[in-house]
Amino acid sequence: MPLQLDFPAGGLMATVRCRLDLPPNFRTADVLAFHGRDRQAIGERTGPGCLSKGLVWQGRLACLSIAFADGVAEAELAVDGGRADDTALVSTISRLLGLDQPVVAFERAHAVHPQLGPLLARQFGLRVPLAATPFEALTWAVTGQQISLGVAISLRRKLLLAAGLRHSGGLVCYPDAERLVTLDEAVLRAAGFSGSKAQTLLAVSRLVLEGALPLDDWLMEPLAGEIRHRLLAVRGIGPWTVDYVLLRGYGWLDGSLHGDAAVRHGLGRLIGTTSVPDAKTVQAWLMPFAPWRALVAAHLWASLALST
């Protein structure tokens with residue numbers, strides 16, 4: 001998949017482009033919905049068949065744009081401040097879109113399941129869109145702990161505004177660890193974060209910079225056990241947060257997520273219970289679906305949107 005680089009006069013911006021083939025029946029709408037959750041669109045902007053996102057790329061402010069059409073994704077990365085290494089772009093886009101996820105094998109394996117099978121038929125081809133970086137997935141998971149999605153989206157927006165990293169194209173970039181650690185606890189509290197969440201965000205940022213949490217290095221070989229061990233050692237991070245990070249940051253599809261409120265509600269609707277199943281019941285129900293439990297959870301999330 002060849003890359004094309006442009007370096008405009010003056011060296012103020014580097015533009016890198018690539019093109020990726022999409023699998024049959026790729027669900028573009030899922031990607032756009034995931035990245036378009038904030039209606040104020042300060043950090044991500046979605047439209048018919050297109051997505052733009054502000055991020056920090058190898059230390060520079062950047063805007064990633066993806067256009068979907070005719071079975072391909074056309075991606076463009078515009079990096080402020082001059083040249084940037086382009087070698088990771090294709091792998092980043094592939095991971096972000098979930099292109100390597102074995103959804104066909106998963107659907108074939110469970111097509112005849114009496115409860116899950118009909119749901120898979122209605123939602124065939126479902127993949128899990130990923131965050132742009134594992135650090136974004138981790139800090140978003142911490143932000144969303146024990147609050148509603150709407151409140152979490154509002155907090156995330158305030159974090160972006162507090163960091164103040166605006167790309168030349170207008171979108172605000174999600175901060176990396178180096179930028180986030182410069183926001184002290186008082187700034188995060190003023191943005192609406194609890195004291196404990198602010199401390200956790202700053203702690204993980206410091207650990208990333210110190211090398212104790214090599215989040216990007218783990219992309220080369222995402223060892224779930226090692227990642228889980230390191231993250232659980234951080235105060236303020238529990239099993240749900242770890243499973244979410246493994247899913248949205250690394251595309252690991254076997255996290256249980258049995259404590260997730262939406263997963264519990266989704267399972268209750270699927271199996272027709274009169275009350276929401278507790279976490280222990282959900283954990284037991286998900287167990288036979290290893291190594292794809294998180295993919296089942298994603299289908300349960302999506303089923304709630306179908307039923308509204």
Side-chain angles (χ1 to χ4, degrees), residues 27 29-30 33-39 98 101 103 106-107 109-131 137-156 192-194 196-197 200 224 228 231-232 236-249 251-308:
R27 295 165 57 104
D30 292 348
F34 177 67
H35 291 283
R37 291 170 296 179
D38 188 348
R39 297 295 181 86
Q101 295 171 16
V103 297
F106 164 71
E107 291 170 354
H110 300 293
V112 298
H113 188 277
Q115 295 158 325
L116 184 61
L119 182 60
L120 298 182
R122 293 196 298 273
Q123 300 179 164
F124 70 96
L126 185 145
R127 298 169 186 271
V128 181
L130 269 60
L138 173 55
T139 50
W140 164 247
V142 171
T143 299
Q145 290 170 346
Q146 298 181 330
I147 57 177
S148 70
L149 178 60
V151 174
I153 290 171
S154 176
L155 271 182
R156 180 183 185 273
F193 287 85
S194 66
S196 60
K197 285 187 179 181
T200 301
R228 183 180 302 277
L231 290 179
L232 287 176
I237 293 181
W240 177 88
T241 301
V242 173
D243 281 340
Y244 190 90
V245 172
L246 286 169
L247 176 62
R248 294 293 194 187
W252 190 65
L253 299 178
D254 198 31
S256 181
L257 291 164
H258 53 274
D260 186 273
V263 171
R264 292 170 54 213
H265 278 83
L267 180 59
R269 293 189 180 187
L270 183 67
I271 64 179
T273 58
T274 57
S275 60
V276 177
D278 60 25
K280 186 175 181 180
T281 300
V282 177
Q283 183 179 28
W285 192 88
L286 288 171
M287 188 64 69
F289 297 105
W292 293 308
R293 289 175 293 173
L295 194 49
V296 175
H299 274 275
L300 295 174
W301 284 332
S303 71
L304 295 177
L306 285 177
S307 61
T308 59

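Residues meeting the side chain to side chain donor-acceptor pair (under 3.5 Å) test with T273, sequence neighbours left out: none. Qualifying salt bridge (Lys or Arg N to Asp or Glu O under 4.0 Å) partners for R27, counting only residues two or more places apart in sequence or in other chains: D30. Every residue two or more places apart in sequence or in another chain that forms a side chain to side chain contact (heavy atoms under 4.5 Å, CB included) with L130 is listed here: R95, Q101, V128. Residues satisfying the ring pair (Phe, Tyr, Trp, His ring centres under 6.0 Å) criterion with F289, sequence neighbours excluded, are H110, H113, W285. With sequence neighbours left out, the side chain to side chain contact (heavy atoms under 4.5 Å, CB included) criterion links A284 to no other residue. Taking the side chain to side chain contact (heavy atoms under 4.5 Å, CB included) definition, one finds that A279 meets it with H258, sequence neighbours left out. Residues that satisfy the salt bridge (Lys or Arg N to Asp or Glu O under 4.0 Å) test with D278, not counting sequence neighbours, are absent from this structure. Residues passing the salt bridge (Lys or Arg N to Asp or Glu O under 4.0 Å) test with R248: none are found, sequence neighbours excluded. Among residues two or more places apart in sequence or in another chain, the side chain to side chain contact (heavy atoms under 4.5 Å, CB included) test is passed with A262 by D260, W301, L304.
Looking only at side-chain heavy atoms (C-beta outward), F124 and V103 stay at 4.5 Å or farther from each other. Using a 4.5 Å heavy-atom threshold, the side chains of L257 and L286 count as separate. Residues L253 and P291 form no side-chain contact, since every pair of their non-hydrogen atoms from C-beta on lies 4.5 Å or further apart.
Residue pairs that meet the salt bridge (Lys or Arg N to Asp or Glu O under 4.0 Å) test with at least one member in residues 236-245, sequence neighbours left out, are R228-D243. Sorted by first and then second residue, the salt bridge (Lys or Arg N to Asp or Glu O under 4.0 Å) pairs with a member in residues 284-295 read D254-R293; sequence neighbours excluded.
Across all non-hydrogen atoms, the minimal contact from G268 to P277 is CA-CD, 3.7 Å. Residues L300 and L119 share a closest heavy-atom pair of CD2-CD2, 4.3 Å. The two atoms that bring L126 and A302 nearest to each other are CD1-CB, 3.6 Å, heavy atoms only. Shown here for L231 and V242, the closest heavy-atom pair between the two residues is CB-CG2, 3.8 Å. Looking at every heavy atom in both residues, A109 comes nearest to W292 through CB-CZ3, 3.7 Å. Looking at every heavy atom in both residues, P129 comes nearest to F34 through CB-CD2, 3.7 Å.
Taking OG1 from T200 and CZ from F193, the interatomic distance works out to 11.0 Å, rounded to the nearest 0.5 Å.
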Donor-acceptor pairs under 3.5 angstrom involving side-chain atoms of residues 140-150: please list them, not counting sequence neighbours.
from: W140; atom 1: NE1; to: Y244; atom 2: OH; distance (Å): 3.1
from: T143; atom 1: OG1; to: T139; atom 2: O; distance (Å): 2.7
from: Q145; atom 1: NE2; to: G236; atom 2: O; distance (Å): 2.9
from: Q145; atom 1: NE2; to: T241; atom 2: OG1; distance (Å): 2.8
from: S148; atom 1: OG; to: V151; atom 2: N; distance (Å): 3.3

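Between the side chain of Q123 and the backbone N or O of S303 there is at least one donor-acceptor pair closer than 3.5 Å.
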